[in-house]
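Here is the structure we will look at.
Just so you know, residue 1 is the first one in the sequence shown, and it goes up from there. Since this is a predicted model, take the numbers as computed values, not measurements.
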Amino acid sequence: MRKSEILIVLGTPHRMREPGKQSPDGRLKECVYGREIASEVRAKLESYGYKAMIDFTPLDLPKSMQSPSYKQERQNELTMRVNFINELCRQNGAKNVLYVSIHVNASNSDGKWHAPNGWCVMVSNMASAQSKRLADCLFDAAKSHELKMRQPLPTQKYWPQSLYVLNHTKCPAVLTENLFQDNIDDVSLLLSDEGRHIIERLHVEGIIKYIESL
């Protein structure tokens, strides 16, 4: 399949109004960091001749979609993303779209530093073979940067999860968790030039490997 036939949609994480999505010291805000990485990945893919876009770039929802209930607002956000992706699937054909949502993990929401660390990729617990292959390709790309990440990757290539954006999108879809925002060493690496380059490269390399396998 020619690369010009595939539309790559990069997913951004959460919103500024979503509580708790930052490092304990406030240096890393997941919604900001994920959007910066998605923008860098898109620019690199486009420079290689691929079609890429980002699902949602503003840091918060429009006023009309905000809610005093953060749970309701989160659902508004997730529904908006899924509707956007599925409309692209309708326009382009689901087999010609792929979705990679870029996040930073956390082991707790208590505002303290914790020990868990590492990189992983999630698929729906109802994942298609194509979604699993996309996850495999991203894992293999991350594996090639394992030493630079200064920590071993899990032996399991991907983790099935019941995540709304993965369960309800019609195209191959995965969600990456790029180290931990409540691990002080992970945060220092993520915010360094070296760390940003690692996260950008593994997404670019994994996505290209998947497309070339079609």
Side-chain angles (χ1 to χ4, degrees), residues 1-13 33-57 81 84-86 88-89 91-105 118-124 127-161 163 165-166 169-179 189-190 192-214:
M1 183 174 288
R2 295 191 303 272
K3 63 186 179 182
S4 61
E5 296 176 334
I6 301 297
L7 174 61
I8 304 154
V9 185
L10 303 167
T12 58
Y33 188 83
R35 282 159 173 76
E36 291 172 351
I37 294 296
S39 179
E40 292 167 13
V41 172
R42 180 183 65 176
K44 185 61 69 175
L45 288 168
E46 289 178 339
S47 74
Y48 293 154
Y50 293 89
K51 293 191 299 184
M53 64 189 303
I54 297 173
D55 67 345
F56 186 66
T57 55
R81 292 180 190 273
F84 175 76
I85 299 158
N86 286 341
L88 293 174
C89 291
Q91 294 174 6
N92 297 275
K95 66 183 178 69
N96 298 320
V97 179
L98 64 90
Y99 183 58
V100 178
S101 188
I102 301 172
H103 289 245
V104 183
N105 215 339
W119 184 95
C120 66
V121 57
M122 311 289 191
V123 298
S124 168
S128 65
Q130 292 84 358
S131 293
K132 293 176 181 178
R133 188 195 314 166
L134 175 57
D136 280 345
C137 291
L138 284 160
F139 178 91
D140 290 346
K143 188 73 174 175
S144 71
H145 294 278
E146 184 175 35
L147 290 178
K148 293 179 182 177
M149 281 196 271
R150 306 168 196 167
Q151 53 192 268
L153 265 66
T155 55
Q156 186 170 329
K157 282 198 165 187
Y158 51 77
W159 299 81
Q161 297 286 317
L163 299 175
V165 294
L166 302 184
T169 46
K170 296 179 179 179
C171 61
V174 301
L175 185 150
T176 61
E177 294 282 13
N178 298 279
L179 309 187
L189 178 59
L190 287 168
S192 69
D193 290 342
E194 178 189 16
R196 294 180 70 97
H197 181 68
I198 291 168
I199 302 303
E200 175 244 298
R201 287 309 307 168
L202 75 86
H203 285 89
V204 170
E205 292 166 9
I207 289 167
I208 290 175
K209 181 178 180 180
Y210 171 76
I211 293 173
E212 289 180 345
S213 75
L214 296 176

[X] versus [Y]: any side-chain heavy-atom pair under 4.5 Å?
| X | Y | value |
| --- | --- | --- |
| V41 | I8 | no |
| E40 | I199 | no |
| F139 | V174 | no |
| R201 | V204 | yes |
| I37 | N178 | no |

Any chance you could measure [X], atom [atom1], to [Y], atom [atom2], to the nearest 0.5 Å?
| X | Y | atom1 | atom2 | answer |
| --- | --- | --- | --- | --- |
| F84 | I54 | CZ | CD1 | 10.0 Å |
| L179 | M149 | CG | CE | 6.5 Å |
| H203 | L10 | NE2 | CG | 8.0 Å |
| S128 | R133 | OG | CZ | 9.0 Å |
| E177 | W159 | CD | CH2 | 12.5 Å |
| C137 | I207 | SG | CD1 | 10.5 Å |

What are the two closest heavy atoms between [X] and [Y], and how far apart are they?
| X | Y | answer |
| --- | --- | --- |
| L166 | M122 | CD1-O, 3.7 Å |
| L189 | K148 | CD2-O, 4.1 Å |
| V104 | Y33 | CG2-CD2, 3.9 Å |
| P13 | R35 | O-NH1, 2.9 Å |
| L153 | K143 | CD2-N, 3.7 Å |
| R150 | E194 | NH2-OE1, 2.7 Å |

Tell me whether [X] contacts the main-chain N or O of [Y] through its side chain, where contact means a donor paired with an acceptor under 3.5 Å.
| X | Y | value |
| --- | --- | --- |
| S144 | A141 | yes |
| S131 | A173 | yes |
| Q130 | P172 | no |
| Q151 | G118 | yes |
| T12 | F56 | yes |

Q. Is E200 paired with K44 through a side-chain N to carboxylate O contact shorter than 4.0 Å?
A.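 Not counted as a salt bridge, because no side-chain N and carboxylate O are separated by less than 4.0 Å.
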
Q: Answer yes when E212 and K209 have at least one side-chain N-carboxylate O distance shorter than 4.0 Å, and no when they do not.
A: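 No, this pair does not count.
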
Q | Candidate pair V9 and T169, rule side-chain contact (heavy atoms from CB on, under 4.5 Å), full reasoning | A | CA-CA 12 Å; V9 185; T169 46; over 6 Å; no

(Q) Using the rule given for side-chain contact (heavy atoms from CB on, under 4.5 Å), can you reason through V97 versus I6, listing the C-alpha separation, both sets of side-chain angles and the distance that settles it, and then say yes or no? (A) CA-CA 6 Å; V97 179; I6 301 297; over 6 Å; no

Q) Applying salt bridge (charged side-chain N to carboxylate O under 4.0 Å, His left out), which residue pairs with at least one partner in residues 46-55 are found, sequence neighbours left out? A)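 For residues 46-55, and leaving out neighbouring residues, the salt bridge (charged side-chain N to carboxylate O under 4.0 Å, His left out) pairs sorted by first residue read D55-R81.
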
Q: Would you please test D136 and Y158 for side-chain contact (heavy atoms from CB on, under 4.5 Å) and show each step?
A: CA-CA 7 Å; D136 280 345; Y158 51 77; 3.4 Å; yes

Q: Using the side-chain contact (heavy atoms from CB on, under 4.5 Å) rule, take L88 and Y99 through it: C-alpha gap first, then chi angles, then the decisive distance, then the call.
A: CA-CA 11 Å; L88 293 174; Y99 183 58; over 6 Å; no

Q.
Looking at K170, I'd like to know if its NZ atom is crowded, meaning that more than 12 non-hydrogen atoms belonging to other residues, nucleotides or ligands lie closer than 6.0 Å.
A.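 12 or below, so no.
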
